[in-house]
Amino acid sequence: FINYENPKIIVGAVAVWEGRILLCRRAIEPRKGFWTLPAGYLELNETALDGAKREAREEANARLDIRGLLAVYSVPRISQVQLIYLADLVSPDVSAGEESLDVGLYRWDDIPWEDIAFPSVKWALDHYSEIGDARDFTPRSNPPGEYGQME
């Protein structure tokens, strides 16, 4: 028997409704009270796509229509690989799930930038701003020199 310790896989989405982005205010640690994308750990026997959709349902009671893979981020200091999709919300009817204190649909200029939970959330939002409404795009990765450190 060999006990392998492998990285954790995080799945989530930048979910959009008419130009507004879905954000969830975390009800759990780490970074409780800060804003994030609907995202979390991939479960056993689950596809990454299904995991991203499940996380959106669990955290924001949201249903997604996935456009494509927005980015793959490596965060070695916490042994994570993050798969972040770009998605359209099927409906603007969202509400806080068990792991969220609040949820909201934010226009770009109204995003609570000072209260964003993790560097990869900002990366994903920046990558979304590059892509916008495009249906054909190449997945992004960590910004140059960035490996997931908190500032």
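Counting only distance, with no hydrogens or angles, the side chain of R31 and the backbone of A117 share a donor-acceptor pair below 3.5 Å. Judged purely by atom type and a 3.5 angstrom limit, S100 uses its side chain to pair as donor or acceptor with the backbone of E59. Although no hydrogens or angles enter the test, the distance criterion places no donor-acceptor pair under 3.5 Å between the side chain of S74 and the main chain of P76. No side-chain donor-acceptor contact under 3.5 Å links R25 to the backbone of V103. Looking only at distances, a side-chain donor or acceptor of R140 sits under 3.5 Å from a matching main-chain atom of T138. No donor-acceptor pair closer than 3.5 Å links the side chain of N61 to the backbone N or O of V94.
L69 is connected to L89 through a chain of hydrophobic side-chain contacts under 4.5 Å among Ile, Leu, Val, Met, Phe, Trp and Tyr, so both are in one cluster. Side-chain heavy atoms closer than 4.5 Å link hydrophobic residues (I, L, V, M, F, W, Y) into clusters, and following such links, even through other members, never connects L83 to V16. Cluster membership check: I66 does not share its hydrophobic cluster with F137, using side-chain heavy-atom separations under 4.5 Å among Ile, Leu, Val, Met, Phe, Trp and Tyr. Tracing side-chain contacts under 4.5 Å through hydrophobic residues (I, L, V, M, F, W, Y), one reaches V72 starting from I9; they form part of the same cluster.
The environment of E114 atom CD is sparse: at most 12 non-hydrogen atoms of other residues, nucleotides or ligands sit within 6.0 angstrom. By the neighbour-count criterion of 12 heavy atoms within 6.0 Å, atom CD of E130 is densely surrounded, having more than that number from other residues, nucleotides or ligands.
One finds the OG atom of S91 at 11.5 Å from the CG atom of L64 (value rounded to the nearest 0.5 Å). Considering CG of D65 and CG of L86, their distance stands at 10.0 Å, rounded to 0.5 Å. The CG atom of L105 lies 8.5 Å from the CG atom of L23; values are rounded to the nearest 0.5 Å. To the nearest 0.5 Å, atoms OG1 (T47) and CG (L42) are separated by 7.5 Å. From I111, atom CD1 reaches atom NZ of K122 across 9.5 Å, with rounding to the nearest 0.5 Å. The distance from the CG atom of L101 to the CD1 atom of I28 is 10.0 Å, given to the nearest 0.5 Å.
Closest approach of L49 to Y85, counting heavy atoms only: N-OH, 3.6 Å. Pairing each heavy atom of A13 with each of A87, the nearest pair is CB-CB, 4.3 Å.
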Would I10 and V81 satisfy side-chain contact (heavy atoms from CB on, under 4.5 Å), going step by step from the backbone distance to the final call? CA-CA 6 Å; I10 304 297; V81 174; over 6 Å; no
Using side-chain contact (heavy atoms from CB on, under 4.5 Å), reason through L70 and I131 one step at a time and then give a plain yes or no. CA-CA 9 Å; L70 175 65; I131 292 168; 3.1 Å; yes
Start with the C-alpha gap between E46 and R54, add the side-chain angles, then the distance that decides, and say whether side-chain contact (heavy atoms from CB on, under 4.5 Å) holds. CA-CA 10 Å; E46 181 177 54; R54 175 186 48 75; 2.7 Å; yes
Quick one, E99 with R26, criterion salt bridge (charged side-chain N to carboxylate O under 4.0 Å, His left out). Give me CA distance, side-chain angles, the key distance, then yes/no. CA-CA 6 Å; E99 296 181 2; R26 293 178 59 81; over 6 Å; no
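Separation of the F118 and W123 ring centroids does not fall under the 6.0 Å cut-off.
Tested against W113 for a ring pair (Phe, Tyr, Trp, His ring centres under 6.0 Å), the candidates W35, F34, W108 yield a single pass: W108. Of the residues E146, H127, Q80, the one that meets the side-chain hydrogen bond (donor to acceptor under 3.5 Å, both in side chains) test with Y73 is H127.
Contact check for D126 versus Y128: no side-chain heavy atoms found under the 4.5 Å cut-off. In this structure, I84 and V14 have side chains that are in contact, with non-hydrogen atoms separated by less than 4.5 Å. In this structure, the side chains of R67 and R135 come closer than 4.5 Å at one or more pairs of heavy atoms.
A side-chain donor-acceptor contact under 3.5 Å links S120 and Q82.
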